[in-house]
Amino acid sequence: METRYNHKEIEEKWLKNWDEQKDFKPAGKGPHFSIVIPPPNVTGALHLGHALNNTIQDILVRYNRKLGKNTLWIPGTDHAGIATQAVVEKRLMQEEKKTRHDLGREELVKRIWKWKDEYETRITNQLKLIGSSCDWDRQRFTLDPICAKAVRHAFFNLFKKGLIYRGKRLVNWDTHLHTAVADDEIYHETVKGHFWTFKYPLADGSGYIPVATTRPETILGDTAVAVHPEDERYKKFIGKTLLVPFVNREIPVIADEILVDKEFGTGSVKVTPAHDPNDYTTGLRHKLPMINILNEDGTLNENAGEFKGLKGEKARAAVVEGLEKLDLLIKVEDHEMQIGKSDRSKTVIEPYLSDQWFVKMDMLAERAMQAVESGEVKFTPARYAKNYLNWLGEKRDWCISRQLWWGHQIPIWHLNNEELIINNEELKGVLDKCFANRSDVHYYKSENGEWLVCSLEEDLREDSIEGLKLERDPDVLDTWFSSALWPHSTMGWPGKTEDLKDFYPTSVLVTGRDIISLWVARMVVFSQENMAQIPFSDVYINPTILDGLGRRMSKSHGNGVDPLDIIEKYGADSLRFVMCSICTENQDARLPVKKEKLEDGREINISEKFELGRNFGNKLWNAARFLKPHITDMGHEKSCKSLNLENPDSDNLEDKWILSRLNTVIKETQKALANYRFSEYASLVYHFVWDDLCSRYLEIKKGEISKDSSALLSHSLYTALDLLHPIMPFITEELNAILFPNSQRLILREWPSANENLINAEIEKQFEDIFAIVEAVRSVRGRYSIAPSQKIAAIVRSSANLESCRNMIKDLSGLSEFDFGENLSNPAFSASAVIPSGEVFVPLEGILDKEKETLRLKKEIEKAESFIISLNKKLSNENFVKNAPASVIDGERQKLATQRDIVEKSLAMLKELEQ
RNA sequence: GGGCAAUUAGCUCAGCUGGUUCAGAGCGUCUGCCUUACAAGCAGAAUGUCAGCGGUUCAAAUCCGUUAUUGCCCACCA
């Protein structure tokens with residue numbers, strides 16, 4: 001074995017081995033444990049945030065596989081509708097100076113599939129190299145035929161139930177991508193704008209109402225001006241008629257106390273129902289006409305009269321200029337305001353009236369809320385349940401249509417009846433006749449009188465109805481629609497598949513907090529609707545990874561770090577170990593990153609943080625390297641028998657101690673994992689291996705390794721490899737193969753169980769007390785800079801019989817002589833220390849620095865005395881003695897006695913020194 | 001505006017059921033070591049008004065209130 005652990009070949013070797021042996025396939029005899037991956041978007045490659053998310057999932061999967069459960073992890077990717085189309089369109093523009101319209105729908109979609117193939121391959125490769133033990137044969141894509149079938153079924157069922165409807169609504173319109181986008185696909189930017197106040201002339205020419213606006217161009221779409229009913233200034237105008245400048249439309253002055261705040265601006269509001277959310281609801285309240293003044297690309301349309309064709313800032317400037325010319329402008333003020341921009345195209349979002357598809361959420365949301373309120377679905381950390389409930393509580397209908405080309409096309413066909421071939425009223429009869437025997441077709445008349453036909457079949461043909469043309473709705477579904485079905489669509493729903501029977505519902509969902517509402521909530525909704533059960537019982541929300549500046553690591557920020565960079569430099573196990581350590585209850589984890597140039601000229605991202613994992617792996621590697629010649633691989637069973645673990649006959653304190661430590665760690669590890677306390681899990685194993693096993697037990701035994709101690713050492717390491725395998729699968733599997741070649745591979749080997757009989761707090765304390773002697777001597781050594789190679793003598797005054805620990809103390813402290821006894825007198829010129837079991841003296845004639853020792857002792861005394869004061873204060877407090885539990889009081893008394901002992905003995909030492 | 005967090009060593013962060021096993025870890029710093037597994041290591045050491053203020057309690061880093069600063073989510077003002 002080499003002195004350093006070299007990850008590259010070993011990772012490759014085990015990836016191949018596990019794959020060949022089909023270890024990632026479910027094969028356990030126990031109950032099922034299943035996870036579906038949060039499918040990464042195919043917009044780009046994975047970053048460290050994904051590495052964290054998938055490391056946690058893999059830890060859970062590997063742990064449960066070792067517990068013997070029938071374990072399945074389904075991988076896959078998401079088509080990420082608008083995001084992917086935007087990325088591909090952007091590249092198309094950069095590289096070929098073409099828009100999607102130059103290509104056409106079919107060709108663009110073809111290009112996006114190519115992009116998808118490329119990135120899906122990259123993502124899959126990244127996941128594999130991290131060590132993700134997914135069943136790769138079950139890999140899904142949200143747009144593949146299996147998922148598409150689920151989408152059509154889900155849509156059809158909801159349509160049939162009347163839970164999906166079509167209507168003209170005000171939506172967020174992306175004028176660049178020509179599509180509706182969801183509220184959560186918008187970000188807000190604060191910009192410096194203006195606040196224009198102008199005169200709204202009365203139709204009879206008798207005056208005007210002053211009105212203020214930040215968007216003067218929308219005047220062209222005004223259909224009313226609203227004032228507060230109680231506003232003395234404007235009361236008299238209510239019911240009068242105004243004239244819209246430029247277009248000379250007559251509009252009413254209305255009273256509306258919801259829209260108007262008397263105190264704000266001029267106290268009067270122009271109402272543009274087709275281009276502002278508040279005005280829209282006002283328009284509905286007052287049954288105002290809604291005039292759309294925009295084209296899909298954001299330019300003003302024919303309703304804008306002379307301004308037709310202008311867009312954005314230009315349109316605004318032209319309208320302002322026009323107002324000025326008409327002498328209607330009163331004043332212009334600077335005004336800071338928030339504008340919505342599209343996440344994907346970075347262009348200004350326009351509120352826009354258009355026909356869209358919606359899911360009615362009230363009943364569905366209510367049911368999904370109950371699942372969490374009742375505890376059926378449990379969040380960890382628990383606080384995130386609030387996030388989920390708050391959002392669902394709004395019960396807003398979900399706009400599921402997008403005017404894109406990349407996605408699941410809505411399974412709806414419109415009847416083209418423009419030429420009124422048939423009287424609209426007679427259409428129902430025609431449809432009934434045509435689809436009478438079709439349970440896979442459903443239709444209804446929408447609120448605007450149009451007949452909509454929904455089909456489960458993929459290819460409802462254009463000529464299905466004689467004499468009438470069917471046209472498929474060009475819209476696609478919001479990407480979250482297919483994501484919402486992910487847990488059951490991946491398993492083959494609506495089929496009644498074996499997978500659904502064996503693995504549904506899934507065990508836990510591991511995801512980030514940013515998509516609790518977008519995704520987690522909707523999965524619960526759709527699982528309840530389609531499967532009549534919850535999709536998972538546990539939701540673990542992993543922390544968000546931030547860069548060194550505290551910004552969220554993400555593809556769109558461009559600050560994402562490729563996990564393969566980290567793997568290249570530190571190894572996959574190091575990456576995983578640090579990811580696991582990072583997962584505390586906190587919501588963020590900061591990860592300072594820097595660039596490094598490799599020998600081959602490539603520049604990669606690294607972070608010192610990962611040295612923790614690399615160093616730990618190396619430590620483990622070297623411990624194994626040292627033990628290798630001493631280990632006789634008799635197999636775990638025999639090894640345990642030879643140790644007689646049920647009733648160890650060894651009298652050695654350190655042997656009992658390491659067994660107690662080992663079993664404590666097994667127990668606590670199990671507990672940490674059951675509670676999703678990943679950081680604690682990593683820390684437990686780390687400190688057991690490094691501190692207990694290497695720094696102490698191994699150091700004690702290394703002088704002479706007997707048959708017994710080698711069995712115990714190998715047993716400890718053997719078990720530690722099991723405990724560590726879910727976090728660091730590669731190095732542990734390799735070491736297991738090197739040290740225990742006759743043993744089963746770790747990936748499938750049974751998880752160790754704790755033997756409570758071997759856990760002994762008393763032994764652990766005894767060991768610590770004795771180890772304090774070693775530490776006291778080492779401390780003296782450090783204080784006087786005595787090299788480890790220079791042997792010294794030490795004397796311990798203690799009533800304890802230290803005979804059995806003589807060698808251990810001598811070896812670990814580098815002693816040439818060691819005496820102990822109850823009545824030993826302390827040697828002259830010695831450095832000394834008080835320990836729980838007595839006093840330690842190190843004779844240092846010639847080099848003892850009295851001042852140094854005095855100072856140290858005084859400091860020690862000072863510390864103990866201040867402690868004594870606080871203990872006395874506490875113990876003399878009547879209320880404390882009366883109220884505190886007896887065990888706490890006893891503990892405090894014990895502490896007081898110990899501290900007094902320290903002071904007493906230290907004072908004696910001080911006196912001795914001064915002589 | 002509503003909600004959720006964070007503030008602990010120079011840095012990154014633990015600290016769950018309140019009690020000196022609780023004031024910690026890793027990195028960094030200082031001292032001494034190539035001690036026959038590991039210098040990616042070993043041994044020793046230094047470093048803190050637990051953000052401020054108030055409260056509850058016999059007892060507060062921990063519970064409550066409040067202020068400040070920071071971050072995130074949701075909703076948004078013509």
Side-chain angles (χ1 to χ4, degrees), chain A residues 1 3-5 183-184 188 195 211-215 218 226 259-261 264-272 276-279 335 337-338 340 381 383-384 386-387 390-391 394 513-514 516-517 544 546 548 550-552 570 578 581-582 584-592 607-609 611-612 614-628 675 677 679-680 683 686-687 694-695 698-699 702 761 764-765 768 775 778-790 811-814 867 870-871 874 877-885 887-889 891-892 895 899:
Chain A
M1 292 171 77
T3 56
R4 284 195 183 182
Y5 169 60
D183 291 341
D184 32 67
H188 293 274
F195 203 34
V211 175
T213 179
T214 55
R215 299 168 64 207
T218 59
L259 180 70
V260 182
D261 172 0
F264 189 89
T266 56
S268 53
V269 187
K270 58 190 267 324
V271 184
T272 324
D276 181 276
N278 289 314
D279 294 3
H335 185 69
M337 58 180 186
Q338 301 242 305
R383 63 184 127 94
Y384 290 116
K386 208 163 183 172
N387 199 326
N390 283 349
W391 186 82
E394 289 177 22
R513 66 177 186 282
D514 50 327
I516 289 172
S517 47
T544 304
L546 309 178
R551 295 171 311 179
R552 192 186 141 74
Y570 307 96
V578 170
S581 311
I582 263 176
T584 66
E585 289 246 338
N586 204 343
Q587 60 179 11
D588 298 317
R590 223 177 244 237
L591 208 62
S607 171
E608 284 170 6
K609 277 243 167 192
E611 288 176 8
L612 174 69
R614 183 197 58 181
N615 295 354
F616 180 49
N618 199 48
K619 186 74 184 176
L620 188 71
W621 179 262
N622 275 289
R625 192 161 73 90
F626 175 75
L627 279 177
K628 190 174 177 246
N675 292 306
R677 305 183 71 91
S679 156
E680 191 173 310
S683 162
Y686 179 92
H687 286 108
C694 291
S695 293
L698 199 56
E699 289 296 331
K702 93 200 263 191
E764 291 196 28
K765 184 168 181 306
E768 291 302 332
E775 281 168 351
R778 283 173 171 177
S779 175
V780 170
R781 213 179 252 288
R783 223 179 306 147
Y784 289 95
S785 297
I786 302 169
S789 50
Q790 190 184 339
D811 289 352
L812 295 187
S813 332
F867 195 2
S870 83
L871 287 168
K874 197 182 264 188
N877 182 336
E878 271 178 45
N879 284 324
F880 172 67
V881 182
K882 207 163 66 191
N883 294 322
S887 62
V888 170
I889 297 171
E892 300 298 294
K895 282 171 205 159
Q899 294 305 313

(request) For each nucleotide in nucleotides 37-50 of chain B, reading 5' to 3', give B when a protein heavy atom comes within less than 4.0 Å of its base, S when such contact involves only the sugar-phosphate, and - otherwise. (result) BB-BSSSSS-----
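On the C1' atoms, B:C33 is 44 Å away from B:U70, given to the nearest whole Å. A distance of about 16 Å separates the P atoms of B:U8 and B:C63, rounded to the whole Å. Separating the C1' atom of B:C4 from that of B:C11 is a span of 27 Å, rounded to the nearest Å. Here, B:C74 and B:U29 have their P atoms 42 Å apart, quoted to the whole Å. For the C1' atoms, the distance from B:U62 to B:G18 is 6 Å, rounded to whole Å. Atom C1' of B:C27 sits at a distance of 16 Å from the matching atom of B:G41, rounded to the whole Å. One C1' atom belongs to B:A46, the other to B:U7, and the distance between them is 25 Å to the nearest Å. Distance check on atom C1': B:U66 versus B:A23 gives 26 Å, rounded to whole Å.
Residue A:Tyr570 contributes atom OH, which lies 14 Å from atom P of B:C27 at whole-angstrom precision. For the pair A:Asp811 CG and B:U36 P, the computed distance is 14 Å after rounding to whole Å. Whole-Å rounding puts the A:His687 NE2 to B:U21 P distance at 19 Å. Here B:U21 presents its P atom at 11 Å from NZ of A:Lys765, a figure rounded to the nearest Å. Atom CG in A:Asp279 sits about 14 Å away from atom P in B:C76, given to the nearest Å. When the P atom of B:G24 is taken as reference, atom OH of A:Tyr686 falls 18 Å away, rounded to whole Å. Rounded to whole Å, the distance from CG on A:Asn278 to C1' on B:A75 is 11 Å. Rounded to a whole Å, the CD1 atom of A:Ile786 is 17 Å from the P atom of B:U35.
Contact annotation: the side chain of A:Tyr570 never approaches that of A:Val578 to less than 4.5 Å [non-hydrogen atoms, C-beta and beyond].
Closest to the side chain of A:Asn387, out of B:C73, B:A78, B:G32, is B:C73. Nearest to the side chain of A:Arg383, among B:A5, B:A78, B:U20, sits B:A5.
Listed by chain and number, the residues in a side-chain contact (heavy atoms from CB on, under 4.5 Å) with A:Ser813 are A:Val774, A:Val777, A:Ile809, A:Leu815 (sequence neighbours excluded). Take A:Asn387 and apply the side-chain hydrogen bond (donor to acceptor under 3.5 Å, both in side chains) test, not counting sequence neighbours, and it matches no residue. Partners of A:Ala589 according to the side-chain contact (heavy atoms from CB on, under 4.5 Å) rule, which considers only residues two or more places apart in sequence or in another chain, are A:Ile582. A search for side-chain hydrogen bond (donor to acceptor under 3.5 Å, both in side chains) contacts involving A:Asn390 returns nothing, not counting sequence neighbours. Residues satisfying the side-chain hydrogen bond (donor to acceptor under 3.5 Å, both in side chains) test with A:Glu768, not counting sequence neighbours, are A:Arg696. Scanning for side-chain contact (heavy atoms from CB on, under 4.5 Å) contacts around A:Ser683 gives A:His687, with sequence neighbours left out. With sequence neighbours excluded, the residues satisfying side-chain hydrogen bond (donor to acceptor under 3.5 Å, both in side chains) with A:Lys895 are A:Glu892. In this structure, the side-chain contact (heavy atoms from CB on, under 4.5 Å) partners of A:Asn675, at least two apart in sequence or on a different chain, are A:Lys671, A:Arg677.
Annotation for A:Gly814 and A:Arg781: closest pair O-NH2, 2.8 Å, computed over non-hydrogen atoms. Nearest heavy atoms, A:Arg778 versus A:Leu812: NE-O, 3.2 Å. Smallest separation of non-hydrogen atoms from A:Ile889 and A:Ala884: CD1-O, 3.5 Å.
Panel note: side chain A:Arg614, backbone A:Tyr5; no donor-acceptor pair is recorded below 3.5 Å.
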(request) Could you provide the dot-bracket string of RNA chain B, using ( ) for intrastrand pairs, [ ] for crossing pairs and | for bases paired to another strand, with Watson-Crick or G-U pairs below 3.5 Å? (result) (((((((..((((.....[....)))).(((((.......))))).....(((((..]....))))))))))))....
Table of protein N/O atoms under 3.5 Å from nucleotides 12-14 of chain B N/O atoms:
| unit_1 | atom_1 | unit_2 | atom_2 | d |
| --- | --- | --- | --- | --- |
| B:U12 | O2' | A:Lys609 | NZ | 2.2 |
| B:C13 | OP1 | A:Arg590 | N | 2.9 |
| B:A14 | OP1 | A:Thr584 | OG1 | 2.5 |
| B:A14 | OP1 | A:Asn586 | ND2 | 3.2 |

Under 3.5 Å, N/O pairs linking protein and nucleotides 58-61 of chain B:
| unit_1 | atom_1 | unit_2 | atom_2 | d |
| --- | --- | --- | --- | --- |
| B:C58 | O2' | A:Asn877 | ND2 | 2.6 |

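No contact: A:Val271 has no heavy atom under 4.0 Å from any strand.
An OP1 or OP2 oxygen of B:U21 is reached within less than 4.0 angstrom by a side-chain nitrogen or oxygen of A:Lys895.
In this structure, A:Trp391 does not count as stacked on the base of B:C74 under the 5.5 Å centre distance and 30° plane angle limits.
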